[in-house]
There are 4 protein chains.
Amino acid sequence: MDASLLIIQPTASDPIYRQIVDQLRRLIASGQLVSGETLPSVREVAGFHAINPMTVSRAYGLAESEGLLERLRGKGMVVAARRGGGDSEAERLRLLEPALLDLSRKAQELELAAAPVLERLQQLLGTP
Amino acid sequence: MDASLLIIQPTASDPIYRQIVDQLRRLIASGQLVSGETLPSVREVAGFHAINPMTVSRAYGLAESEGLLERLRGKGMVVAARRGGGDSEAERLRLLEPALLDLSRKAQELELAAAPVLERLQQLLGTP
Amino acid sequence: MDASLLIIQPTASDPIYRQIVDQLRRLIASGQLVSGETLPSVREVAGFHAINPMTVSRAYGLAESEGLLERLRGKGMVVAARRGGGDSEAERLRLLEPALLDLSRKAQELELAAAPVLERLQQLLGTP
Amino acid sequence: MDASLLIIQPTASDPIYRQIVDQLRRLIASGQLVSGETLPSVREVAGFHAINPMTVSRAYGLAESEGLLERLRGKGMVVAARRGGGDSEAERLRLLEPALLDLSRKAQELELAAAPVLERLQQLLGTP
DNA sequence: GTGGTCTAGACCACA
DNA sequence: GTGGTCTAGACCACG
């Protein structure tokens, strides 16, 4: 995996360490990161994104305690062993649920009908 | 409006002042609070929920700068007049754009196809 | 004079009593209010604009102490005696100076050239 | 940027936090503060001017919600990236509209002709 | 009565 | 180190 795969937004409301953990969770669930694959070192990620190494370290530590990553002595962090190359669609949809709930709540606060929201989202999903 | 209509959770991760602003936004969008309606005074809300008046004041001030409330000098805060019965659909959709982009990015990180995502969102939007 | 001649904006940053005094000053300077003319009673103004009588009273009191109005026993407030039917153009322009300075400062903060500002103002002044 | 660049007048009618926000707006509009530049910390400004940190924090928070500043977590506040090198002239003129309407109304209350008003304003705008 | 401002001091999350 | 949040209590302007 390359450090550039991660997207860091230093001004987002989410703290940086959680942005990293969340992305790792999704990249692993989708199979873009496979079991045994080595992650870029803390220094590499920190240097590439100009963030504090401690922040990356904290994210890796949380990911490890969550079972996403494993610490191999001398090799660094690798993606933990999983039952398959990625989660089922239902499983991945479950990981998206919080974002869906958030969007849904906001759309309803704005009194938006379902149609225009779905239409716009389809546009965004159709052009990756 | 009565101070008891607001729900304050002092232990939530969201700060109290934002809980208040968010609820006001919701209550106004849903029509439970109508233009011109008077809000309970800062001291009333603070007393009822046993929180500091300044915290309530901060929420009211933010809601005012957001255009939700208006300050009637010496009288208190009232729900602001909505410009022309609410924003246009295009305008409201524009306000939703950041959340849509966020969801879209996460769905693509999960390598989810558009169909299941749209389907689930439609469910959520259909049952307000 | 009729109470409807005054324009009150309860949500403006300027306090109401000063809005009244300032308008009286301008209406007298322009000759729209002439010496000896009777002003609407405190109750009348307060009732018409749905504001607190004390606020109107305070404004009248300040206008009196400024020499704009005089309190005639049994008649109420009247416009004070002045040397002419209104001030000279230079004098009235002087009264506008604070607003001109304010506008000028804001235009410069916005890095706006003089031309578009003057053009827009001419439009506004041309269609009273 | 240095904390001494800010000028605080504790006796002015404008509250301190707004003095700070207004100055930041001016400094950014005039280019004295450029995108990405780091601001002095809340504690630094508070210490230098002998005011309460919360007052500075309030100013920074408002400036952030206005889009003037961005918060870099754990690092501090920086001048926000300007979208496309500044607003268009039409956009900036639109921001000036309220002040223009205010001036226009006052000029008409003074029954001033357009010419002398425009002439004086041109003088003011010509000597920044 | 209303909200606004400021202070002093505490505790917390994040980097 | 950074800013964020909350409290307790004071004083003020406005109506």
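The shown structure was predicted, so the numbers you read here are calculated from the model rather than taken from an experiment. We name chains A, B, ... by the order of the sequence lines, and we start the count at 1 in each one.
Side chain of B:Ser104 to main chain of B:Leu100: no donor-acceptor pair is present (N/O by atom type, distance under 3.5 Å, no hydrogens or angles). Judged by distance alone, the side chain of A:Glu37 and the main-chain N or O of A:Met1 form a donor-acceptor pair under 3.5 Å. Checked by atom type and distance alone, the side chain of A:Arg92 pairs as donor or acceptor with a backbone atom of B:Leu110 at under 3.5 Å.
Screening A:Leu24, A:Leu5, A:Val45, A:Leu6 for a side-chain contact (heavy atoms from CB on, under 4.5 Å) with A:Leu39, the sole residue that qualifies is A:Leu24.
Look at CD on B:Gln9: it is 17 Å from C1' on F:dC6, rounded to the nearest Å. Here E:dC14 presents its P atom at 16 Å from NZ of D:Lys75, a figure rounded to the nearest Å. Following rounding to the nearest Å, B:Leu39 (CG) and E:dG1 (C1') show an atom-to-atom distance of 16 Å.
Non-hydrogen atoms lying under 4.0 Å from DNA chain F are contributed by B:Pro15, B:Ile16, B:Tyr17, B:Arg18, all within residues 10-26 of chain B. For the contact set between residues 42-52 of chain D and DNA chain F, defined by any heavy atom under 4.0 Å, the members are D:Val42, D:Arg43. If you check residues 54-67 of chain C against DNA chain E, you find no residue with a heavy atom closer than 4.0 Å.
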Quiz prompt | Under the 3.5 Å Watson-Crick or G-U criterion, the dot-bracket string of DNA chain F, with | for inter-strand pairs | solution = ||||||||||||||.
Practice problem: Apply side-chain contact (heavy atoms from CB on, under 4.5 Å) to A:Leu101 and A:Glu97, showing your working. | Solution: CA-CA 6 Å; A:Leu101 285 171; A:Glu97 189 75 4; 4.1 Å; yes
Self-check item: Full working for side-chain contact (heavy atoms from CB on, under 4.5 Å) between C:Leu69 and C:Val21
Solution: CA-CA 10 Å; C:Leu69 305 182; C:Val21 176; over 6 Å; no
Self-check item: Derivation and outcome, side-chain contact (heavy atoms from CB on, under 4.5 Å), residues A:Gln108 and A:Arg105
Solution: CA-CA 5 Å; A:Gln108 286 165 6; A:Arg105 185 179 55 77; 5.6 Å; no
Quiz item: Run the side-chain contact (heavy atoms from CB on, under 4.5 Å) check on D:Leu68 and D:Val79 step by step: do they pass?
Solution: CA-CA 6 Å; D:Leu68 293 172; D:Val79 178; over 6 Å; no
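Put simply, B:Arg73 has a side-chain N or O that comes within less than 4.0 Å of OP1 or OP2 on F:dG15.
With the nearest nucleotide of DNA chain F identified for both B:Pro53 and D:Gly74, D:Gly74 has the one nearer the 5' end.
Going from atom CG of A:Leu103 over to atom CG of B:Leu96 covers 5.0 Å, rounded to the nearest 0.5 Å.
Residue pairs that meet the side chain to side chain donor-acceptor pair (under 3.5 Å) test with at least one member in residues 38-50 of chain A, sequence neighbours left out, do not exist here. Residue pairs meeting the side chain to side chain donor-acceptor pair (under 3.5 Å) criterion with at least one member in residues 8-22 of chain A, sequence neighbours excluded: A:Asp22-A:Arg25.
Across all their heavy atoms, C:Leu95 and C:Ala29 have their closest contact at CD1-CB, 3.5 Å.
Residues A:Met77 and A:Glu64 are in side-chain contact: their nearest non-hydrogen atoms beyond the backbone lie under 4.5 Å apart.
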